[in-house]
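Quick note: residue numbers are just sequence positions, from 1. For ligands, and for the atoms within them, numbers begin at 1 and follow the listed sequence.
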Amino acid sequence: MTKLSVNINKIATLRNARGGDRPNVVQVAKDCERFGAQGITVHPRPDERHIRYRDVYDLKEIVTTEFNIEGNPTPDFIKLVKDVKPEQVTLVPDAPDAITSNAGWDTIRHKDFLTQTILELKEHGTRVSIFVDPKEEMVEGAALVETDRIELYTEAYAKGYHANREQAIAPYIKAAHKAQALGLGINAGHDLDLDNLKYLKNNLPGLAEVSIGHALICDALYFGLENTIQLYLRQLK
Ligand SMILES: CC(=O)[C@@H](O)[C@H](O)COP(=O)(O)O
Ligand SMILES: NCC(=O)COP(=O)(O)O
């Protein structure tokens with residue numbers, strides 16, 4: 001079964017727009033779980049443009065499914081994860097000023113740093129996933145840094161889907177087969193939506209979890225949050 005983890009970054013974007021507490025991030029997370037979400041994902045960025053570190057502590061108290069914290073493993077981020085002890089942490093090599101995540105780890109070049117960071121986090125009882133491009137050599141590198149899972153960065157798939165979905169998914173299938181052969185769990189995320197999700201799910205072997213935020217929250221503006229979560233879950237059946 002492929003689990004749906006709802007990324008609620010954009011709820012915090014809307015909340016921050018007025019400086020108040022509406023929409024309430026904690027309440028939305030509770031409702032997402034009540035509507036069927038099998039996980040909650042947040043990506044606290046150094047500039048706290050959307051999810052703030054305070055939100056992460058508050059969410060830890062109420063998330064009853066799986067809490068997945070994504071981010072660049074800066075010292076502040078590592079402290080946050082150690083304090084909160086989520087079910088999963090996903091390490092992403094984002095530059096502080098990146099408008100959004102835009103690359104996977106070079107697991108070969110950063111082998112020592114990733115290994116040390118991953119072991120430190122696993123010692124705190126958190127499952128570790130690392131954000132990687134669909135390149136077999138990067139997956140091979142991931143197997144050498146003690147990570148539990150990889151998260152395949154699906155922006156390229158989403159961009160190529162409408163033009164030629166067979167071509168768009170091909171590197172992801174190869175990367176997933178390589179990950180399975182190496183005993184790595186497989187997550188996926190970034191720019192997944194109601195158009196491209198089912199094809200990914202049906203063709204990617206061993207897909208354990210998708211984390212979806214931007215498109216899902218945009219869809220909820222038209223279809224409502226409960227209905228939208230149900231629509232995404234139906235794509236994963
Ligand atoms: C790693 C990943 O793909 C998501 O966390 C994405 O980066 C969402 O971040 P924003 O909501 O800031 O775009
Ligand atoms: N890891 C991907 C994620 O959490 C959400 O990405 P997106 O759906 O907002 O592009």
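- Contact annotation: for Phe131 versus ligand 1, heavy atoms closer than 4.0 Å belong to the side chain alone.
- When non-hydrogen atoms are compared, ligand 2 lies under 4.0 Å from neither the backbone nor the side chain of His43.
- Close N/O approach between Arg49 and ligand 1 is not found [any backbone or side-chain N/O within under 3.5 Å].
- For the pairing with Tyr157, the side-chain contact (heavy atoms from CB on, under 4.5 Å) check across Ile169, Leu204, Asp191 returns one residue only, Ile169.
- Follow the hydrophobic side-chain contacts under 4.5 Å out from Leu14 and you never reach Val25; the two are in separate clusters.
- Residue, atom and distance of the protein heavy atom nearest to atom 8 (O) of ligand 2 are Gly213 N, 2.8 Å.
- Ligand 1 has an N or O atom lying under 3.5 Å from an N or O atom of Thr100, backbone or side chain.
- Pairing each heavy atom of Thr90 with each of Gln88, the nearest pair is OG1-NE2, 3.7 Å.
- With ligand atoms numbered from 1 in the order given, ligand 1 contributes 1 (C), 2 (C), 4 (C), 5 (O) to contacts under 4.0 Å with heavy atoms of Glu70.
- In terms of heavy atoms, Pro205 sits closest to His177 at CG-CE1, 3.6 Å.
- Residue-ligand proximity, Ile212 to ligand 2, at heavy-atom distances under 4.0 Å covers atoms 8 (O).
- Side-chain atoms of Asn68 and Thr41 include a donor-acceptor pair closer than 3.5 Å.
- The side chain of Arg45, and not its backbone, has at least one atom closer than 4.0 Å to an atom of ligand 1 (non-hydrogen atoms only; side chain from C-beta on).
- Placement of Phe35 and Ile8 within a single hydrophobic cluster is found when ILVMFWY residues are connected by side-chain heavy-atom separations under 4.5 Å, directly or transitively.
- Scanning the protein for heavy atoms near atom 6 (O) of ligand 2, the closest one is His190 CA, 3.7 Å.
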With side-chain contact (heavy atoms from CB on, under 4.5 Å) as the test, would you mind laying out the steps for Asn187 and Ser211 before giving the verdict?
-> CA-CA 8 Å; Asn187 295 346; Ser211 42; over 6 Å; no

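- Of the protein's heavy atoms, His214 N, 2.8 Å lies nearest to atom 9 (O) of ligand 2.
- Smallest separation of non-hydrogen atoms from Asn102 and Tyr153: CA-OH, 3.0 Å.
- Heavy-atom proximity to Asp191, at under 4.0 Å, picks out these atoms of ligand 2: 7 (P), 8 (O), 10 (O).
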For Leu114 and Thr107, what are the C-alpha separation, side-chain angles and deciding distance, and is it a side-chain contact (heavy atoms from CB on, under 4.5 Å)?
-> CA-CA 7 Å; Leu114 284 170; Thr107 57; 4.3 Å; yes

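- If you look at Lys10 next to ligand 1, the close heavy atoms, those under 4.0 Å, all belong to the side chain.
- Checked for salt-bridge contact, Lys79 and Asp76 miss the test: no charged N lies under 4.0 Å from a carboxylate O.
- With no hydrogens or angles considered, a side-chain donor-acceptor pair links Glu33 and Thr65 at under 3.5 Å.
- Annotation for ligand 2: atoms under 4.0 Å from non-hydrogen atoms of Glu151 are 1 (N), 2 (C).
- Under a 4.0 Å criterion applied to the non-hydrogen atoms of Thr41, ligand 2 contributes the atoms 4 (O).
- Ligand 1 lies out of reach of Glu155, whose nearest heavy atom is not under 4.0 Å from it.
- The protein heavy-atom contact nearest to atom 4 (O) of ligand 2 is Asn7 ND2, 2.8 Å.
- Each of the atoms 5 (O) of ligand 1 lies under 4.0 Å from some heavy atom of Asn7.
- Looking at heavy atoms from C-beta onward, Pro96 lies out of side-chain contact with Asp47 at the 4.5 angstrom threshold.
- Close contacts of ligand 1 with His50, meaning ligand atoms under 4.0 Å from a residue heavy atom, involve 10 (P), 11 (O), 12 (O).
- Ring centers of Tyr57 and Tyr53: at least 6.0 Å apart, outside the cut-off.
- Close approach of ligand 1 to Ser101 is summarised as follows: ligand atoms under 4.0 Å from at least one heavy atom of the residue are 1 (C), 2 (C), 3 (O), 4 (C), 6 (C), 7 (O).
- Against a heavy-atom cut-off of under 4.0 Å, Asn9 is close to the following atoms of ligand 1: 8 (C), 9 (O), 10 (P), 11 (O), 12 (O).
- In this structure, the protein non-hydrogen atom closest to atom 3 (O) of ligand 1 is His190 ND1, 2.6 Å.
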